[in-house]
Amino acid sequence: MTSSALPPPGARRALIVGSGISGLAAALSLHRAGWRPLIVERAPERRTGGYFVRFNGPGYTAAERLGILESLPDRRDPAGRMFEVDSRGHLTPGLAFPEQVNGTPLRMLLRSDLERVLYEAVQDLVEIRYGTGPAAITQDRDQVTVTLTDGSVESADLLIGADGIHSTVRSLVFGPEDLYRRDFDHVVAACVMDGPLPGLQEGDSAVATAPGRSAWINSYRDHPPVAFLLYRTDWPAAEIRKKPSAALRQAFSGFGGDLVPVMLEAMDRSESVLFDQVSQIHLSRWSQGRVVLLGDSAWCMTLHSGQGSGMGIAGGELLARLVTEHGDLPTALGSWEQRLRPHVTRHQKEALRMKHFFMPANRFGRVARSTLIRAVSTPVGARLSKALMG
């Protein structure tokens, strides 16, 4: 942090755990509001990677207010096509995303795009300390004190837990993860592709679905395609303890024509593969005293919602505005939750519906999905789809 970026003397202090999208958005917003944020991150260095993000709605509006919207790319290829892979492995026209959703334009980008733009906005303004995280948390009426794993102790006016679905802050203050995590019976895997894709041109995307399995290839401008695999299992927590290559080959044997074997081979070669179960987080309150949870720590909506990153930005930006407007912290946190929770609840419910679009539960679901795609591929259906999604 440069001296010219130092906050004024006596500025209120915020300790933010987690340097992902939610934590960076909160830090940028609080700094601009005159606070003195410190970010601590358990990882030894800044993380990159991640799958696609459908960016629209409250997150889009918050990004405009933060002045970062114009730095965010739209990675859709105008010439790119979307295909469905049928049961025989053949490519058929698929469903394209509309230009506008939830009252704002739609941008397709990568999670790493959001993190990079936010990081570049805060790197000279806010201290980020890597390789450490909370080991113990205590608080009283005046401050919250955090003992970090490197032995240092930090005190602040506000502690923000933005450390993801497996949040340490949440475990230390609110209780064990099992109390709040609701698992889908889904496992997800993703990686960046490192070679050509059979039957597809540059910019093309494709999806293959069957009851309990789906495979997606998402292509972008100025970035290699990303492979995304999703499958159903009765025991997702046990499944993710397996070696990803072995679990995925067992789950996707004989599936997806020529595309899926190429995706599996890329995952075998990749040094960075996302392999995790799909879960939501549900808490009755997002704050206790001077500790508040933000983003996936508080409300993980799953990838099916398409709104996780956007709501992380929207939540961080709104939090900074309200804790600055209200002199009383409990009042500010209560107002923040009251305004944000209806949006989060709606997106969590939408994720429960959308999971059947991402991966049909049975043969009837697959037929219904195919029928929908054929319907909206017509001019009249496309207009109806845009009206419903917008």
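One-based numbering along the sequence shown.
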Shared hydrophobic cluster, Trp235 / Leu230 (ILVMFWY, side-chain heavy atoms < 4.5 Å):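 Looking at the clustering, Leu230 is in a separate group from Trp235.
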Under 3.5 Å donor-acceptor pairs involving side-chain atoms of residues 130-138, not counting sequence neighbours:
{"from": "Thr132", "atom 1": "OG1", "to": "Thr149", "atom 2": "OG1", "distance (Å)": "3.2"}
{"from": "Thr132", "atom 1": "OG1", "to": "Asp150", "atom 2": "N", "distance (Å)": "3.4"}

query: Is there a donor-acceptor pair closer than 3.5 Å between any side-chain N or O of Arg221 and the backbone N or O of Asp74?
result: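 Checking the backbone N and O of Asp74 against the side chain of Arg221, a donor-acceptor pair under 3.5 Å is found.
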field: Side-chain donor or acceptor of Arg107 paired with backbone N/O of Asn56 under 3.5 Å
entry: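 Between the backbone of Asn56 and the side chain of Arg107 there is no qualifying donor-acceptor contact (under 3.5 Å).
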What pairs meet the salt bridge (charged side-chain N to carboxylate O under 4.0 Å, His left out) rule with one or both residues in [range], with sequence neighbours excluded?
| range | result |
| --- | --- |
| residues 253-266 | none |
| residues 330-342 | Glu337-Arg341 |
| residues 270-283 | none |
| residues 281-302 | none |

Basic-acidic side-chain contact under 4.0 Å: [X], [Y]:
| X | Y | value |
| --- | --- | --- |
| Arg232 | Asp234 | yes |
| Arg42 | Asp163 | no |
| Asp157 | Arg13 | no |
| Arg129 | Glu154 | yes |

message: Filter on ring-ring contact (aromatic ring centres under 6.0 Å, His included), then keep only pairs touching residues 148-182, sequence neighbours left out; what's left?
response: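 Every candidate ring-ring contact (aromatic ring centres under 6.0 Å, His included) pair involving residues 148-182 fails, so no pair, neighbours aside, qualifies.
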message: Under 6.0 Å from the ring centre and within 45 degrees of the ring axis: does the NZ or CZ of Arg76 meet both conditions for the six-membered ring of Tyr220?
response: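 No; the conditions do not both hold, so Arg76 does not lie above the ring face of Tyr220.
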- request: Answer with yes or no whether the side chains of Asp185 and Gln277 bring together a donor and an acceptor at under 3.5 Å.
  value: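 Note: Gln277 and Asp185 side chains miss the donor-acceptor criterion.
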task: Using side chain to side chain contact (heavy atoms under 4.5 Å, CB included) as the criterion, list what pairs up with Ser219, not counting sequence neighbours.
output: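 Result, side chain to side chain contact (heavy atoms under 4.5 Å, CB included) vs Ser219: Ser205, Ile217, Pro225.
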- request: Mind checking side chain to side chain contact (heavy atoms under 4.5 Å, CB included) for Ala320 and listing every partner two or more places apart, or none if nothing turns up?
  value: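 If we apply the side chain to side chain contact (heavy atoms under 4.5 Å, CB included) test to Ala320, skipping adjacent residues, the hits are Ser29, Leu30.
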message: Which residues pass the ring-ring contact (aromatic ring centres under 6.0 Å, His included) test with Trp299, not counting sequence neighbours?
response: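 Result, ring-ring contact (aromatic ring centres under 6.0 Å, His included) vs Trp299: Trp286.
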field: ring-ring contact (aromatic ring centres under 6.0 Å, His included) involving Phe255 - partner list, sequence neighbours excluded
entry: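 For Phe255 the ring-ring contact (aromatic ring centres under 6.0 Å, His included) partners, ignoring immediate neighbours, are Phe252.
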Would you list the atom pairs, donor with acceptor, under 3.5 Å between side chains in residues 195-203 and any protein atom, with sequence neighbours excluded?
none

Please set out all donor-acceptor pairs under 3.5 angstrom arising from side-chain atoms of residues 16-27, sequence neighbours excluded.
{"from": "Ser19", "atom 1": "OG", "to": "Glu41", "atom 2": "OE1", "distance (Å)": "2.9"}

- prompt: If we only count heavy atoms from C-beta on, is the Gln123 to Ile128 side-chain gap below 4.5 Å?
  reply: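 They are not in contact (no side-chain heavy atoms under 4.5 Å apart), so the answer is no.
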